[in-house]
Amino acid sequence: MKNEITITVTDQEGNTHVLICPTDMGLTLKDMCKAYDLPMEAMCGGMAICATCHCYIPDDTKALSEKNDIEEALLSELFNTNENSRLACQIYLTAQMDGLSVQIASD
């Protein structure tokens, strides 16, 4: 079984970053963006209370878990959401996410 995946993240400036992410440590997409020093605020540290890790997942999202009620509620309070908006702190990395593309939402 593969223990690493590759995720491509586009930041707010349009710069693309390739992240090599372990899948056997229980990490989230937010954790990896912070580990790579990407410009994602994530003020609450991943507790799903601030929505400052808002991102867009332009790819087919079958590999992702469904949004929970807390994530839906936080996203509903933002002005720049769309159908593929997610909170990076709620996306736990799995092998099925290999090749995923993500765009960090602007403030």
Side-chain angles (χ1 to χ4, degrees):
M1 182 175 222
K2 189 175 179 181
N3 290 335
E4 286 184 343
I5 59 172
T6 302
I7 295 177
T8 303
V9 178
T10 304
D11 65 26
Q12 298 94 329
E13 302 293 324
N15 300 312
T16 302
H17 309 269
V18 177
L19 283 54
I20 306 300
C21 310
T23 58
D24 57 352
M25 296 177 63
L27 299 174
T28 64
L29 178 58
K30 183 271 310 170
D31 296 330
M32 292 310 304
C33 287
K34 297 301 276 181
Y36 276 85
D37 291 326
L38 298 183
M40 178 180 284
E41 195 166 354
M43 288 178 55
C44 72
M47 299 181 71
I49 57 175
C50 71
T52 58
C53 63
H54 177 211
C55 62
Y56 304 108
I57 312 291
D59 291 342
D60 184 4
T61 58
K62 292 177 188 171
L64 302 181
S65 61
E66 294 291 322
K67 296 176 195 172
N68 61 36
D69 292 341
I70 294 169
E71 184 176 8
E72 289 278 8
L74 285 168
L75 288 170
S76 73
E77 295 180 15
L78 300 176
F79 295 111
N80 57 341
T81 60
N82 59 37
E83 290 179 15
N84 61 3
S85 288
R86 293 297 304 262
L87 298 181
C89 71
Q90 298 300 296
I91 300 174
Y92 285 86
L93 302 176
T94 65
Q96 293 78 19
M97 293 179 195
D98 192 31
L100 187 71
S101 294
V102 176
Q103 180 181 357
I104 300 173
S106 53
D107 298 335

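For this chain, numbers begin at 1 and follow the sequence in order. As the structure is a computational prediction, the values presented were derived from the model and not from experiment. FYI, side chains are in, hydrogens and waters are out, and symmetry mates aren't considered; it's all heavy atoms of this structure.
Counting non-hydrogen atoms of other residues, nucleotides and ligands closer than 6.0 Å to CG of D69 gives a total of 12 or fewer. In this structure, L78 places its CG atom where more than 12 heavy-atom neighbours from other residues, nucleotides or ligands lie under 6.0 Å away.
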_Let's go through M97 and I91 carefully: what are the C-alpha distance in whole Å and the side-chain angles of both, what is the deciding distance for side chain to side chain contact (heavy atoms under 4.5 Å, CB included) to 0.1 Å, and is it a yes or a no?_
CA-CA 10 Å; M97 293 179 195; I91 300 174; 3.7 Å; yes
*Trace of the side chain to side chain contact (heavy atoms under 4.5 Å, CB included) decision for K67 with R86*: CA-CA 8 Å; K67 296 176 195 172; R86 293 297 304 262; 3.4 Å; yes
_Set out, in order, the CA-CA distance, both residues' side-chain angles and the distance that settles side chain to side chain contact (heavy atoms under 4.5 Å, CB included) for T16 and T10, then state yes or no._
CA-CA 4 Å; T16 302; T10 304; 4.0 Å; yes
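Interatomic distance, I20 CD1 to E4 CD, rounded to the nearest 0.5 Å: 6.5 Å. Going from atom CD of E41 over to atom CD1 of I104 covers 11.5 Å, rounded to the nearest 0.5 Å. Interatomic distance, Q103 CD to S85 OG, rounded to the nearest 0.5 Å: 10.0 Å. Rounding to the nearest 0.5 angstrom, the gap separating the CE atom in M32 from the CE atom in M25 is 8.5 Å. Interatomic distance, CD of Q90 versus CD of E66, reported as 13.5 Å (0.5 Å rounding). How far OG1 of T52 is from CG of L74: 10.0 Å, rounded to the nearest 0.5 Å.
D31 is not listed as a side-chain neighbour of Y92, based on a closest heavy-atom distance of 4.5 Å or more. Counting heavy atoms from C-beta on, the side chains of L93 and L27 come closer than 4.5 Å.
Using modelled atom types, no side-chain atom of N3 and backbone atom of T23 make a donor-acceptor pair closer than 3.5 Å.
With V102 as reference, I7 is the one residue of L38, T8, I7, N84 to meet the side chain to side chain contact (heavy atoms under 4.5 Å, CB included) rule.
Considering all non-hydrogen atoms of both residues, G45 and K30 come closest at O-NZ, 3.3 Å.
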